[in-house]
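Step one of this worksheet: look at the structure below.
Chain A is the first sequence line, chain B the second, and so forth, proteins listed ahead of strands; every chain is numbered from 1.
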There are 2 protein chains.
Amino acid sequence: MDADVTPELRADDVSFGVPDARLLRAIDDHGSVSAAAAGLGRSRARATGRLDELEAAFGSLVERVRGGASGGGTELTAGAHDLLARFARLQAALSGVAAAEECVLEGRVTAVDGELATVATPVGALRALAPEGADRVQLSIRADAVTLHAPDEAPPAGGTSARNRLTGSVRAVERGESVAHVRLVVDGEDGQAEFVALVTLESVDRLGLTTDSEVVATFKATATRATGLVG
Amino acid sequence: MDADVTPELRADDVSFGVPDARLLRAIDDHGSVSAAAAGLGRSRARATGRLDELEAAFGSLVERVRGGASGGGTELTAGAHDLLARFARLQAALSGVAAAEECVLEGRVTAVDGELATVATPVGALRALAPEGADRVQLSIRADAVTLHAPDEAPPAGGTSARNRLTGSVRAVERGESVAHVRLVVDGEDGQAEFVALVTLESVDRLGLTTDSEVVATFKATATRATGLVG
DNA sequence: CACCGTTGTATCAATGACGGAACAACGGAC
DNA sequence: GTCCGTTGTTCCGTCATTGATACAACGGTG
């Protein structure tokens with residue numbers, strides 16, 4: 001089972017999505033709507049109409065010329081480049097999240113302050129963003145949100161904005177080409193949990209992480225999400 | 001302009017999305033496909049067919065009974081509950097990312113090691129995950145990925161897996177109900193950048209953050225995304 | 001037995017999205 | 001003037017998706 005995500009940027013009830021980004025990029029490559037549409041296997045009339053629709057919501061995206069030495073053509077505006085850049089950032093961020101490994105913990109909400117909740121879990125009380133009214137929840141802590149520290153150099157609680165902090169031991173270091181998944185075992189009074197952190201190989205080496213190493217893991221409350229559990 | 005996201009879980013070329021989650025939840029609420037479909041304004045025949053399709057890909061999701069004291073009915077299996085829980089986690093994580101403020105920096109890739117790149121930016125060299133072949137890039141650093149530290153208590157570079165570290169000063173603290181956006185100004189040799197971190201009010205108070213406070217910001221290379229720039 | 005309310009199954013019609021096709025117009029080049 | 005390759009605009013036919021509808025079957029209840 002894989003997670004997939006379809007990103008969209010919305011303005012005035014019009015959504016800019018993957019096919020739209022493809023169209024703009026093809027226009028940039030070919031210099032015309034005709035060639036772009038043909039290259040994408042789309043009808044030119046539809047592509048033109050879509051550009052009109054997008055422009056009505058997002059502002060000027062293309063400059064179209066009919067006639068001339070080359071017969072005419074279409075170029076992207078700076079606004080289109082900005083929109084494409086923003087879309088690319090969103091897509092990269094969302095794809096990264098969809099692909100990330102996570103540690104899932106069940107827990108009970110014991111205190112609430114606005115959207116922030118304190119959740120009792122097998123490995124202790126953790127802070128997370130939670131929906132209103134949730135009681136029994138699951139916490140998701142993604143591998144790219146977990147920072148690892150050498151135990152004697154971990155930041156003191158009062159000196160950092162990372163509100164969650166656990167001590168555990170390394171169960172495995174799975175090295176990739178330039179990053180590694182570090183799997184931790186954290187023991188608590190009410191149980192045990194396995195965490196995973198995605199860190200650079202440089203961090204693995206600098207921290208001297210190997211099986212059975214002791215390590216401190218920190219992660220932000222504002223990057224930790226709780227969702228309600230039913231059934 | 002708002003970012004929107006459509007999450008999906010995929011298995012065997014079948015995608016489980018928002019309408020599917022709605023259907024399962026309605027079945028759980030009503031105890032029958034008939035009532036669920038009616039409540040959602042969908043055709044029962046289609047809902048039944050969709051369940052068949054989803055079960056073929058994701059395994060048993062419902063137990064259906066025809067006849068009986070109540071005429072029959074349908075209940076969710078444990079597998080369905082697990083699927084819904086996973087979908088909820090994915091949706092929460094993606095929605096959080098789509099809604100997060102970001103700091104965007106333009107830069108140039110100066111070194112590459114697998115998917116990890118070193119990028120020269122106005123505020124110095126930063127580490128990020130980058131697509132292959134990118135030269136001129138934009139870095140996106142989300143507010144929920146930035147950890148703030150008191151300058152005298154920031155973790156030393158060798159003792160933490162957070163590979164990016166900058167010193168800046170607080171320009172503004174925008175307090176919400178339980179979390180705050182802390183805006184930082186970071187000066188570099190080649191320019192200046194404004195960062196934003198999303199932290200709890202507790203962190204603001206513990207770190208004593210106020211306008212002009214000096215602060216150290218750290219963020220992981222594996223949570224920092226670079227995307228190519230054109231045009 | 002009839003009735004109830006559900007599930008199992010099949011069919012029909014409507015709708016929206018889409019590509020294909022075609023005519024008109026433009027501004028250079030020859 | 002003709003030709004070229006583009007844009008501007010309109011219309012047609014196809015296809016996938018969907019809700020509505022209807023008959024059959026089930027297992028209790030009275």
Is there side-chain contact between R22(A) and V18(A), with heavy atoms separated by less than 4.5 Å?
yes

Between R50(B) and D20(B), is the closest basic N to carboxylate O distance under 4.0 Å?
yes

Quick one: does Q138(A)'s side chain have a donor or acceptor within less than 3.5 Å of a partner on A85(B)'s backbone?
yes

Among T222(B), T118(B), N164(B), side chain to side chain donor-acceptor pair (under 3.5 Å) partner for R127(B):
T118(B)

Return the orientation label for the F195(A) and F219(A) ring planes: parallel under 30°, perpendicular over 60°, tilted otherwise.
tilted

Listed pairs, N/O of protein and of nucleotides 27-30 of chain C, under 3.5 Å:
from: dG27(C); atom 1: O4'; to: G68(A); atom 2: N; distance (Å): 3.1
from: dG27(C); atom 1: N3; to: G68(A); atom 2: N; distance (Å): 3.4

Within the 4.0 Å heavy-atom criterion, would you say R42(B) contacts the bases, only the backbone, or no part of the nucleic acid?
sugar-phosphate

Within this structure, what is the CD-to-P distance between E75(B) and dT7(C), rounded to whole angstrom?
11 Å

S43(A) side-chain N/O to dA21(C) phosphate OP1/OP2 under 4.0 Å:
no

First encountered from the 5' end of DNA chain D, between A45(A) and S32(A):
S32(A)

Can you check the E55(B) CD to dG8(C) C1' distance for me, whole Å?
14 Å

What is the nucleic acid contact for G41(B), judged by heavy atoms within less than 4.0 Å: base, sugar-phosphate only, or nothing?
sugar-phosphate

Which part of the nucleic acid does R64(B) contact within heavy-atom distance under 4.0 Å: base, sugar-phosphate only, or nothing?
sugar-phosphate

Nearest-0.5 Å distance that lies between atom CD1 in I27(B) and atom CG in L61(B):
9.0 Å

In short, ring pair (Phe, Tyr, Trp, His ring centres under 6.0 Å) pairs touching residues 110-144 of chain A with sequence neighbours left out are none

Heavy atoms under 4.0 Å, any strand shown: does S34(B) hit a base, just sugar-phosphate, or nothing?
base

Could you tell me whether E75(A) atom CD has more than 12 heavy atoms of other residues or ligands within 6.0 Å of it?
no

5' precedence on DNA chain C between L40(A) and G31(B) (nearest-nucleotide basis)
G31(B)

Flag the pair D52(A) and R64(A) as a salt bridge only when some basic side-chain nitrogen lies within less than 4.0 angstrom of an acidic carboxylate oxygen.
yes

In whole Å, what is the span from the CZ atom of R46(B) to the P atom of dT9(C)?
15 Å

Min and max contacting nt of DNA chain D in 5' to 3' order, chain B heavy atoms within under 4.0 angstrom, are dT18(D) to dG28(D)

Take R44(B) and A47(A), find for each the nucleotide of DNA chain C with the closest heavy atom, and name the residue whose nucleotide sits nearer the 5' end.
R44(B)

